[in-house]
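What follows is a single structure, written as structure tokens, with notes after it.
The chains referred to below are lettered A, B, ... by the order of the sequence lines, with proteins before strands, and numbering in each begins at 1. These figures come from a predicted structure and were not determined experimentally.
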Amino acid sequence: MPELPEVETTRRGIAPHLLGQAIRSAVVRQSQLRWPVPELDRLLSGRVVKAVERRAKYILIRFAHGTLIVHLGMSGSLRVLPAGSPVRKHDHVDLLFADSCLRLHDPRRFGALLWAESDPLNHPRLRHLGPEPLSDDFDGAYLQAAAHGRRLPIKSLLMDGKVVVGVGNIYATEALFRAGIHPQRASQRISGQRLGHLANEVKTVLTYAIERGGTTLRDFVSESGQPGYFAQELFVYGRAGQPCKRCGTAIRTRQIGQRASAYCPNCQH
DNA sequence: ACAGTAACCTGTTTGC
DNA sequence: TGCAAACAGGTTACTG
């Protein structure tokens with residue numbers, strides 16, 4: 001899926017179209033996503049959107065009587081379209097407003113729609129999540145405490161949502177390059193100073209990617225259908241075999257925690 | 001508690 | 001050219 005910058009780009013894009021608007025009806029064409037989709041038409045008809053927020057990679061669409069929690073999985077996208085736009089394959093869910101439509105498209109169906117009657121942050125799927133990477137709760141001292149005694153590769157630690165949310169394969173890969181840390185290094189064998197550097201690079205790369213509207217990926221388009229512009233600025237992700245932009249050494253990849261992990265064997269230790 | 005792996009599902013790319 | 005294998009942004013659940 002979209003990682004945090006793509007989710008935040010989506011949230012910012014759809015929010016102004018939804019705020020204060022009443023839902024006329026909802027259509028569920030495919031209810032088998034990651035978990036069964038709730039009966040949205042019954043839950044949402046006539047209800048007004050009060051806020052559109054984000055926690056981790058979940059988008060929270062708040063109403064007076066509860067919150068619709070949206071996760072885009074690996075291949076999901078949310079777009080605001082004119083009412084009556086033709087339905088494509090994998091257009092699973094529509095929320096219909098007076099003259100527009102919020103549409104969930106998700107070929108792989110790893111996405112999810114959940115309903116929370118009370119505080120969505122207490123929903124079982126959100127309750128145990130770690131801090132937001134761009135908050136003050138995530139810093140070098142926090143990362144040092146999280147890494148203490150852990151033999152797990154640092155890349156896997158960064159991608160563990162109980163440690164910190166929103167850091168997926170692309171941005172974990174990029175932050176580790178920028179911090180000069182080998183993705184497979186055991187977490188406990190990295191100095192506090194280097195972990196501090198890493199925490200800062202996570203913030204930097206995510207902040208910059210959000211400014212640029214996310215990374216261009218095969219299936220990702222923002223709510224307006226425009227691709228992001230971060231892809232051309234990636235240092236190592238997706239660049240296996242190509243020269244390192246810093247030293248010229250060929251970028252390598254290896255599997256870490258079942259995910260392809262690109263790194264520069266000269267710049268990262 | 002921790003670390004590693006399989007699983008969910010479909011589309012696209014790669015390799016023979 | 002054709003077909004099958006490998007691979008893709010994420011997260012949960014199971015194993016030892």
Side-chain angles (χ1 to χ4, degrees), chain A residues 1-11 29-37 54-59 69-78 88-93 104-114 123-130 133 145-176 183-189 202 205-206 209-210 212-223 227-231 234 236-241 253-262:
Chain A
M1 108 111 264
E3 298 195 26
L4 188 144
E6 289 74 21
V7 176
E8 180 61 19
T9 298
T10 297
R11 185 196 70 78
R29 298 182 196 82
Q30 170 58 271
S31 63
Q32 299 304 306
L33 300 183
R34 172 110 200 210
W35 293 284
V37 175
R54 179 187 60 75
R55 167 71 171 120
K57 294 171 188 168
Y58 295 91
I59 291 173
I69 302 172
V70 185
H71 197 292
L72 300 177
M74 292 270 258
S75 58
S77 62
L78 275 178
R88 298 170 302 162
K89 195 176 182 182
H90 306 307
D91 283 346
H92 303 315
V93 175
L104 175 69
H105 178 85
D106 184 8
R108 289 179 74 179
R109 286 195 267 137
F110 288 170
L113 289 174
L114 305 167
H123 188 280
R125 300 269 71 83
L126 280 68
R127 190 182 311 164
H128 302 292
L129 293 173
H148 183 75
R150 303 292 301 271
R151 301 179 200 196
L152 196 69
I154 183 62
K155 176 160 179 274
S156 300
L157 190 81
L158 271 187
M159 291 177 67
D160 181 347
K162 293 187 291 301
V163 173
V164 60
V165 301
V167 186
N169 203 26
I170 297 176
Y171 301 108
T173 296
E174 290 296 307
L176 284 162
Q184 201 152 42
R185 174 165 287 271
S187 304
Q188 65 180 358
R189 296 191 53 243
V202 166
V205 74
L206 289 175
I210 290 170
R212 307 291 271 140
T215 303
T216 300
L217 293 165
R218 238 192 318 284
D219 298 328
F220 179 75
V221 288
S222 65
E223 127 288 340
Y229 293 96
F230 190 66
L234 296 171
V236 281
Y237 179 86
R239 296 194 65 246
T253 61
R254 66 171 68 173
Q255 290 286 122
I256 299 175
Q258 304 179 124
R259 310 304 291 273
S261 301

Could you state the atom-to-atom distance from [atom1] of [X] to [atom2] of [N] in whole Å?
X      : N      : atom1 : atom2 : result
A:L114 : C:dG10 : CG    : P     : 18 Å
A:L129 : C:dT11 : CG    : P     : 8 Å
A:R88  : B:dG11 : CZ    : P     : 12 Å
A:L72  : B:dC9  : CG    : P     : 19 Å
A:R127 : C:dT11 : CZ    : C1'   : 17 Å
A:Q255 : C:dA6  : CD    : C1'   : 10 Å
A:W35  : C:dT12 : CH2   : C1'   : 7 Å
A:H90  : B:dT12 : NE2   : P     : 8 Å

[X] vs [N]: side-chain N/O to OP1/OP2 distance below 4.0 Å:
X      : N      : answer
A:H71  : C:dT11 : yes
A:H128 : C:dT12 : no
A:R259 : C:dA8  : no

Taking only nitrogen or oxygen atoms into account, show me every contact under 3.5 Å that the protein makes with nucleotides 14-16 of chain B, one pair per line with its distance.
none

Salt bridge (Lys or Arg N to Asp or Glu O under 4.0 Å) partners of residues 150-164 of chain A, not counting sequence neighbours, each pair once: A:D160-A:K162
Over all atoms of both residues, closest heavy-atom pair of A:L4 and A:P133: CD1-CG, 4.0 Å
Smallest separation among heavy atoms of A:G111 and A:D106, with atom names: N-OD2, 2.9 Å
Centroid under 5.5 Å and tilt under 30°, A:F110 to C:dT11: no
Protein N or O to nucleotides 1-3 of chain B N or O, pairs below 3.5 Å:
| unit_1 | atom_1 | unit_2 | atom_2 | d |
| --- | --- | --- | --- | --- |
| B:dA3 | OP1 | A:R151 | N | 2.5 |
| B:dA3 | OP1 | A:L152 | N | 3.2 |
| B:dA3 | OP2 | A:R150 | NE | 2.5 |
| B:dA3 | OP2 | A:R150 | NH2 | 2.8 |

Any chance you could measure [X], atom [atom1], to [Y], atom [atom2], to the nearest 0.5 Å?
X      : Y      : atom1 : atom2 : value
A:I170 : A:Y237 : CD1   : OH    : 4.5 Å
A:L114 : A:H71  : CG    : NE2   : 9.5 Å
A:R29  : A:L104 : CZ    : CG    : 10.0 Å

Going by side-chain contact (heavy atoms from CB on, under 4.5 Å), name the residues that satisfy it together with [X], two or more places apart in sequence or in a different chain.
X      : value
A:Q258 : none
A:H90  : A:H92, A:H105, A:P107
A:R254 : A:H182, A:Q184, A:I256, A:Y263
A:A56  : A:Y58, A:L129, A:E132, A:V165

Sugar-phosphate only, base, or nothing, as touched by A:K89 at under 4.0 Å among non-hydrogen atoms: sugar-phosphate
Sugar-phosphate, base or nothing in reach of A:A260, heavy atoms under 4.0 Å: sugar-phosphate
Could you work out the separation of [N] and [M] based on their [atom1] atoms and round it to a whole Å?
N      : M      : atom1 : value
C:dC7  : B:dT5  : P     : 15 Å
C:dT11 : B:dT12 : C1'   : 22 Å
C:dT12 : B:dG11 : C1'   : 23 Å

Any side-chain heavy-atom pair of [X] and [Y] under 4.5 Å:
X      : Y      : value
A:S75  : A:F110 : no
A:L157 : A:V164 : no
A:L126 : A:I69  : yes

For A:R239, salt bridge (Lys or Arg N to Asp or Glu O under 4.0 Å) partners two or more places apart: none
A:R127: salt bridge (Lys or Arg N to Asp or Glu O under 4.0 Å) partners, not counting sequence neighbours: none
Side chain of A:R108 (C-beta onward), nearest among C:dT11, B:dC8, B:dT10: B:dT10
Canonical and wobble pairing (Watson-Crick, G-U, under 3.5 Å) of DNA chain B, dot-bracket with |: .|||||||.|||||||
Partner of A:L176 by side-chain contact (heavy atoms from CB on, under 4.5 Å), out of A:V236, A:V205, A:I154, A:V202: A:I154
Within the sub-3.5 Å range, which N or O atoms of nucleotides 14-16 of chain C have a protein N or O partner, and how far apart are they?
none

Could I get a table of every N or O pair under 3.5 Å where one atom is in the protein and the other is in nucleotides 5-7 of chain B?
| unit_1 | atom_1 | unit_2 | atom_2 | d |
| --- | --- | --- | --- | --- |
| B:dA6 | N7 | A:Q258 | OE1 | 2.6 |
| B:dA6 | N7 | A:Q258 | NE2 | 3.1 |
| B:dA6 | N6 | A:Q258 | NE2 | 3.2 |

Note: A:E3-A:K57 ion pair, threshold 4.0 Å (strictly below): no
